[in-house]
Each structure stands twice: as C-alpha cells, then as structure tokens.
Amino acid sequence: MAEYTNLEKIRLEKIQKLREDGIEPYPNRAERTHTSKQAIRAFEKSEKERLEEPLTVTIAGRLRSIRPMGRIIFAHIEDGEGHIQLFFRENDLGKESLKFFNKWFDLGDFIQARGTLFRTRTGEVTLRVQEYEMLVKAITPLPAAKDEVIDGDIVRHATLADPETRYRQRYADLAVNPDVREVFRKRAAILRALREFFDERGFLEVETPILQPIYGGAAARPFITHHNQLKQDLYLRISFELYLKRLLVGNLERVYEIGRDFRNEGFSYKHNPEFTQLEFYWAYADYFQVMTLTEEMIGFVAERVLGEKILTFQGNRINLKAPWQRIELRQGLIDVVGVDIKEHLSADSLRAVMKAKDMEPSPIATRGKLIDSMVGTYLEPTLIQPTFVYNYPRDISPLAKSIPGDHWTVERFEGFIGGMELCNAFTELNDPLDQESRFLEMGRDYNADDEERHPMDEDYLQALRYGMPPTGGFGMGIDRLVMLLTDQHSIRDVILFPHLRNRED
RNA sequence: GGGCGCGUAGCUCAAUGGUAGAGCAGUGGCCUUUUAAGCCAUUGGUUGCAGGUUCGAUCCCUGUCGCGCUCACCA
C-alpha cells in the first residue's frame, strides 16, 4: 500500500469530491484536433493569410504552470511536441467555470481545452478557452518547482536533479526534463540511421537467440537462467558473434544485428549489465575494409543525427571525418609507455618490464591481458579524436585470424573516440582446425570454473567445417555511441531504465 | 569487492552538540493580457534506516541500505 504525502492527500480528496459531484477525473476518451505545435503553426498561417474567422482548436496536455490573476487565469500546458498557453477569462467562461478550474486543477493534471487562438499583448500565441475538461488528475505532484518561459522556451527552476530518483522514476525525469527526452529521441534517430546505413549496403538484418545453451563470442560472465520443461540451464547471450558467423556459412554474405547483450559484471559509467550491441559480418572483406566502413558508418550517423561530423564530447571537440588516426598497437605502447611488446613474447617477460616501469601488472594475467590492460590504462584515455588501434595479441582474440607469418598477433582493431572504446573488429578466423585449437588454448588459460572461460562450441566448429568465406566482422556498443553523440558522461543517461540495486530500508 | 563523498519538507538547497530553516510547490484571501506574475496570511519534517556516546544527536561514533565518484574487475 502506498503511503501518501500531505500534498497527495489533498489531491486524493479532490478526486473523491469531483466524483461526488458526478465528474470523472479519469475519463475514458479524449479529443484533440491539434498538438500544441500544430495549433501554433495553424494560427501563424492564418495570420499571414489575414483570415477573419478565429481559429478554433481543441488541444490536450499536462498543466505545467498556472497563473491566476483574479478573473482571468493564464496557464501553460505541455504535450509531446511542446507547450502552449491557455487563457481562461470569466467573461468567456462564466464565474462558475473559472472558479471550478481554480479549485480542482493542479499542476501535473492533464486537461483538454477547446477555444480560439489569439496573440496576447506580449505576443504569445494563446488559446482563449471556451470549454475545458479534466483528462487526468495527477495525485503525485511533479518533482519540479516552477516553469518560466524565456523566448518561447520553458525553463525549469529547481528541477529534479537527484540521479537516483531520475533513474528509478524515469517517467518523472522525462516528464520534467525536456533535454532527457531529447537524448532518447536522438537515440532512436541513431538506431534508425544505422539500419538505413546497413540496409542500403545490402546487409540483412537478422535476429539470433538471446537464450543460448552455450555462450560465447566474448569474454564475460553470463547470466544463467533455466528452462523448466527442458530442465536445461540457458545463458543470456554475451555476444551475437558465433550465431551471425554461422549465417555466413549459410551464404548470407552480409548480415547485421542490433540487440541486447547481457554481461554479469560490475557496472560503471560505461557499463550496464544489459546493453545494446551492433554486430555486422561482411563476407570477402578484411579488417582494413571494416575500418573504412566504420569511418563511413559513424560519419553517416553523425550527419543524420547532428547534421555534421563535428561534435563536442565532455568539452572536447571531436572531428569524425575520415580518415581516422590509425595506430598499430605495438607502436602505440612504445609511444605511451616505452614497452615494445614484440620483445616480450611471454607473460613473465612482459610483467618484468612493466614492473621495471613502475606499473603493477596482474600476477595471473596472460600476455594478451597484460597488453590489453596497458592499452586501457595508458593509451585509451589519450585517444580523444577517432582512432583505430590495430594488430592485437592473439591470446585475447580467439576468434580473429592471425597475421600471416606472425604467430603472436591477429588482424584485429578497436576504435576509440573521446577516450573510450567504441568498437572492436577483426578478420574472422574461418579455419576450423585453428579455431578448435584456439578454443582448447583458451580452455588451458582459464580455470575450469572460470565463467569467463570460452566454452567449446562444437556446433560452431561444425559450421566452420562447411566453410565460411573470408569475412570481416565488427561489434560496437550502441549505448556508447549514443553517449558520444548526445554528450552524456554516463551510460545511465542514455538507457531509459538503467539497472540499479533494489532498495530495502 | 576496496577507498572517498553524499542522503534534511513534494522539488532545489541552508543550519547548529540545545530538539530544523529558505525559495518554489501546497492551503486561504486580493487581483480581467500574465511570463519564475505580484501582494497578504498560512500548513508542511520520525533529518535514509538501526544502534551507541551524551543531560541532550540532524550534527560525534558504529553498523546498515541506497546513490555518486574512484580503484579493481570488464578479449
């Protein structure tokens, strides 16, 4: 049972009294002829055409401010597209009707109003209300103190700022913070642009299983669930990779999927346990071609969403125009920490030189993990402008193809923007025998009970034995791309309902 | 998981080892073109939760819950 605050009790009482008077505070049906924006546009058009007849419209929305001034009342309502001012006048409505509004309506209620449009002395297009009706009585007041209209924009004073409430009650956050709505509109535009980009280039959008008997394609701990009838444990996917590549075996030469991945790991400003991923696989391409396509893709999305390839992220001006900077991983680490990984082909040797350079290498990490941690700690934060780091260590890339003649390195790159890893791609390993030995290698590098261990996927190997064309593959966290294009510091600000701990107090 | 910080009215924030205050919102009144409208009056709090120290705790201490930052973790 909800416990009501005093403010809520007052509104509950209003609901009861309205019903006693035969007025339904939650009517089944509403009516509107114009949104706020449409109404204003229609009025401006009629002004231009010098129409004599006043324009009559019915609008509906949430009451965001009320300014009673005796026998008149000004109010603003907000709908999905904007806001518009209502003008209630005793001369138009009669004494009772004006009083009724004053008495029973509160900020946050939904109202439907019919009337004619005019311009006030201050020039604002306003609805002169002739009839109005309550659509919804809000019980809880919106967590915002007051609105001010400056140059036609609503400015909110003392608006909801507490991050916890904003994430837990996203509905309230959205209702009260228009820029939050804007972030999610942009997110939708980004997804639309990505689909357009791949559709235009002959990529087929597909859907692969989220519930998987064997997880794979990434190093991450999975969520485990259970199918009752099958009496079988299933995993929520940690990547799409192994299923999408099966499709290339099946002669679908260009595929992509946009969907949710789940990783049972800690969260941070750039990690949420479920997140949206884009992966694509492109037959007869290699990782350098994928790099070029990546530049095009990100540029295309930015054009669509921002109108240009320049953006500001956390105070940095970022230029997305191709070509992006390309740094070979080995050279990047030589430049940043002065370590040449080619001279340290064992984990122990690498650990020794890292210690000598005052780093604190993990005592159990593999060579590849040590290299990756140096990249993450020293190189990644410096990569503000779009950069591809390429040629990664083999032992952390079990699904990527080796560089011919180089046992230690694979054809793989990661893309960084704004000091943040954005995407990961490689020339896909399509040699089933090599793949099998890589799986076995991984099995040796991890303990049997380590959930990050890459499990052997026999069916995937079977697929490869039929033959997978040479392929370039790519994965990107969409949430991070949205962060970048909307200048949001935290992944929680680009996910509508980010995961938070349960409250038990 | 570790470290640091935060949690006070519906919202945004103050405050003190002596029992909590402002603006807005709310309530009552005045006001027929306002723009954070204005003016007068007024209600509102188990200070996240549970303990402890103290004559007395919102403040000090311990634990706990949640959030934030950070480190670890994160092919």
Notebook entry, point to check: Is A:Phe118 touching bases, backbone alone, or none of the nucleic acid, heavy atoms closer than 4.0 Å?
Noted result: base

Check: Going by heavy atoms in the side chains, are A:Ser36 and A:His83 under 4.5 Å from each other?
Finding: no

Next item on the list: Can you check whether any acceptor in the base of B:U34 is under 3.5 Å from a donor in the side chain of A:Glu124, or vice versa?
Entry: no

Notebook entry, point to check: Could one point to a donor on the side chain of A:Thr120 or the base of B:U34 with an acceptor on the other under 3.5 Å away?
Noted result: yes

Check: Contact class for A:Arg412 vs. all strands (heavy atom < 4.0 Å): base, sugar-phosphate, or nothing?
Finding: sugar-phosphate

Margin query: Pick the closest RNA chain B nucleotide for A:Ile396 and for A:Asn102 by heavy atoms, then say which residue is nearer the 5' end.
Written below: A:Asn102

Check: Choosing from B:U12, B:G68, B:C69, which nucleotide comes nearest the side chain of A:His489?
Finding: B:C69

Notebook entry, point to check: For atom C1', what is the distance between B:A57 and B:C73, given to the nearest Å?
Noted result: 40 Å

Check: Looking only at heavy atoms, which two atoms of A:Gly217 and A:Glu241 are closest? And how far apart?
Finding: O-OE1, 3.6 Å

Next item on the list: Report which part of the nucleic acid A:Arg394 touches: base, sugar-phosphate, or nothing (heavy-atom distance under 4.0 Å, all strands).
Entry: nothing

Note to self: Between B:U42 and B:U47, how many Å separate the two C1' atoms, rounded to a whole number?
What the structure shows: 23 Å

Item checked: Passing option when A:Phe280 is tested against A:Phe474, A:Phe240, A:Tyr256 for ring pair (Phe, Tyr, Trp, His ring centres under 6.0 Å) -> A:Phe474

Next item on the list: Mind calculating the distance between CD1 (A:Ile491) and C1' (B:C69) to the nearest angstrom?
Entry: 17 Å

Next item on the list: Taking only the side-chain heavy atoms of A:Glu265 (C-beta and beyond), determine which of B:C74, B:U34, B:U32 contains the nearest atom.
Entry: B:C74

Item checked: Sugar-phosphate, base or nothing in reach of A:Glu414, heavy atoms under 4.0 Å -> sugar-phosphate

Check: Hey, does A:Leu142 have a side-chain heavy atom less than 4.5 Å from the side chain of A:Leu107?
Finding: no

Note to self: Between P on B:G66 and CD on A:Gln169, what's the gap in Å once rounded to a whole number?
What the structure shows: 17 Å

Next item on the list: Select one nucleotide: of B:C67, B:U32, B:U34, the one nearest the side-chain heavy atoms of A:Ile72.
Entry: B:U32

Next item on the list: Please evaluate the base of B:U34 for a donor-acceptor partner in the side chain of A:Arg67 within a cut-off of under 3.5 Å?
Entry: yes

Next item on the list: Give the rounded distance in Å between these two atoms: NE2 of A:His76 and P of B:U33.
Entry: 17 Å

Notebook entry, point to check: What is the distance from NZ of A:Lys270 to P of B:A72, rounded to the nearest Å?
Noted result: 11 Å

Next item on the list: For B:U43 and B:G1, measure between their P atoms and round to the nearest Å.
Entry: 46 Å

Next item on the list: Could you measure between the two C1' atoms, the one in B:C65 and the one in B:A50, and give it in whole Å?
Entry: 10 Å

Margin query: Given A:Met374, which partner from the list A:Leu333, A:Val336, A:Leu329 fulfils the side-chain contact (heavy atoms from CB on, under 4.5 Å) test?
Written below: A:Leu333

Note to self: Suppose we define a pair by two distances each less than 3.5 Å, Watson-Crick or G-U wobble; what does B:G1 pair with here?
What the structure shows: B:C71

Check: Reckon A:Tyr392 touches a base, only the sugar-phosphate, or nothing at all at heavy-atom distances under 4.0 Å?
Finding: nothing

Item checked: Nucleotide paired to B:A14 in any strand shown, Watson-Crick or G-U, under 3.5 Å -> none

Check: Taking for each residue the nucleotide of RNA chain B with the nearest heavy atom, is it A:Arg501 or A:Asn424 whose nucleotide lies nearer the 5' end?
Finding: A:Arg501

Checklist line | Centroid separation A:Phe426 to A:Tyr392 less than 6.0 Å | finding: no

Next item on the list: Would you mind calling B:U19 syn or anti? Take O4'-C1'-N9-C4 for purines or O4'-C1'-N1-C2 for pyrimidines, and syn is within 90° of 0.
Entry: syn

Check: Taking OH from A:Tyr269 and P from B:A72, how many angstroms apart are they, rounded to a whole number?
Finding: 11 Å

Item checked: Gap in Å between the two P atoms, one belonging to B:G23 and one to B:G44, rounded -> 16 Å

Note to self: Among A:Leu399, A:Asn430, A:Leu464, A:Val255, exactly one meets side-chain contact (heavy atoms from CB on, under 4.5 Å) together with A:Lys245. Which residue is that?
What the structure shows: A:Leu399

Note to self: Please report the distance, rounded to the nearest Å, between CG in A:Leu500 and P in B:G48.
What the structure shows: 20 Å

Check: Within the pair A:Arg492 and B:G68, is there a side-chain N or O less than 4.0 Å away from OP1 or OP2?
Finding: yes

Margin query: By the 4.0 Å heavy-atom rule, please label A:Pro68 as base, sugar-phosphate, or nothing.
Written below: base

Item checked: B:G21 versus B:C60 - spacing of their C1' atoms, nearest Å -> 23 Å

Next item on the list: Indicate, with a heavy-atom threshold strictly under 4.0 Å, whether A:Glu8 touches base, sugar-phosphate, or nothing.
Entry: nothing

Checklist line | Aromatic contact, A:Phe223 with A:Tyr235 (centres under 6.0 Å) | finding: no

Checklist line | Separation between the C1' atoms of B:G56 and B:A37, rounded to whole Å | finding: 46 Å

Item checked: Closest approach of A:Ile396 to A:Asp372 (non-hydrogen atoms, all atoms of both residues) -> CD1-CB, 3.8 Å

Check: Given B:C30, is OP1 or OP2 found less than 4.0 Å from the side-chain N or O atoms of A:Arg71?
Finding: no

Checklist line | Those residues that, when tested against A:Tyr132, pass ring-ring contact (aromatic ring centres under 6.0 Å, His included) (two or more places apart) | finding: A:Phe88, A:Phe101, A:Phe105

Checklist line | Residue A:Phe74, side-chain heavy atoms: nucleotide from B:U35, B:U33, B:U32 that is nearest | finding: B:U33

Checklist line | G-U wobble or Watson-Crick pairing nucleotide for B:U27 (cut-off 3.5 Å, both distances) | finding: B:A41

Margin query: Applying the Watson-Crick and G-U wobble criteria at under 3.5 Å, what pairs with B:U34? Answer none if nothing qualifies.
Written below: none

Which atoms of nucleotides 26-29 of chain B (N or O only) lie under 3.5 Å from a protein N or O atom, and what are those distances?
from, atom 1, to, atom 2, distance (Å)
B:U27, OP1, A:Lys14, NZ, 2.8

Check: Counting side-chain heavy atoms from C-beta on, which of B:U32, B:U35, B:C74 comes nearest to A:His271?
Finding: B:C74

Margin query: As a test of reading the structure: which of B:U35, B:G68, B:U32 is closest to the side chain of A:Asn91, going by heavy atoms?
Written below: B:U32

Next item on the list: Could you tell me which nucleotide pairs with B:G66 by Watson-Crick or G-U wobble geometry, both distances under 3.5 Å, or answer none if nothing does?
Entry: B:C6

Next item on the list: With P as the reference atom in both, quote the distance from B:A9 to B:U54 in angstrom, rounded to an integer.
Entry: 30 Å

Note to self: By the 4.0 Å heavy-atom rule, please label A:Ile73 as base, sugar-phosphate, or nothing.
What the structure shows: nothing

Margin query: Using side-chain heavy atoms (C-beta onward) and a distance below 4.5 Å, is A:Arg330 in contact with A:Thr409?
Written below: no

Note to self: Without decimals, in angstroms, what is the distance between A:Phe262 CZ and B:C74 C1'?
What the structure shows: 18 Å

Check: Please give, in whole Å, the distance from B:G66 P to A:Phe267 CZ?
Finding: 10 Å

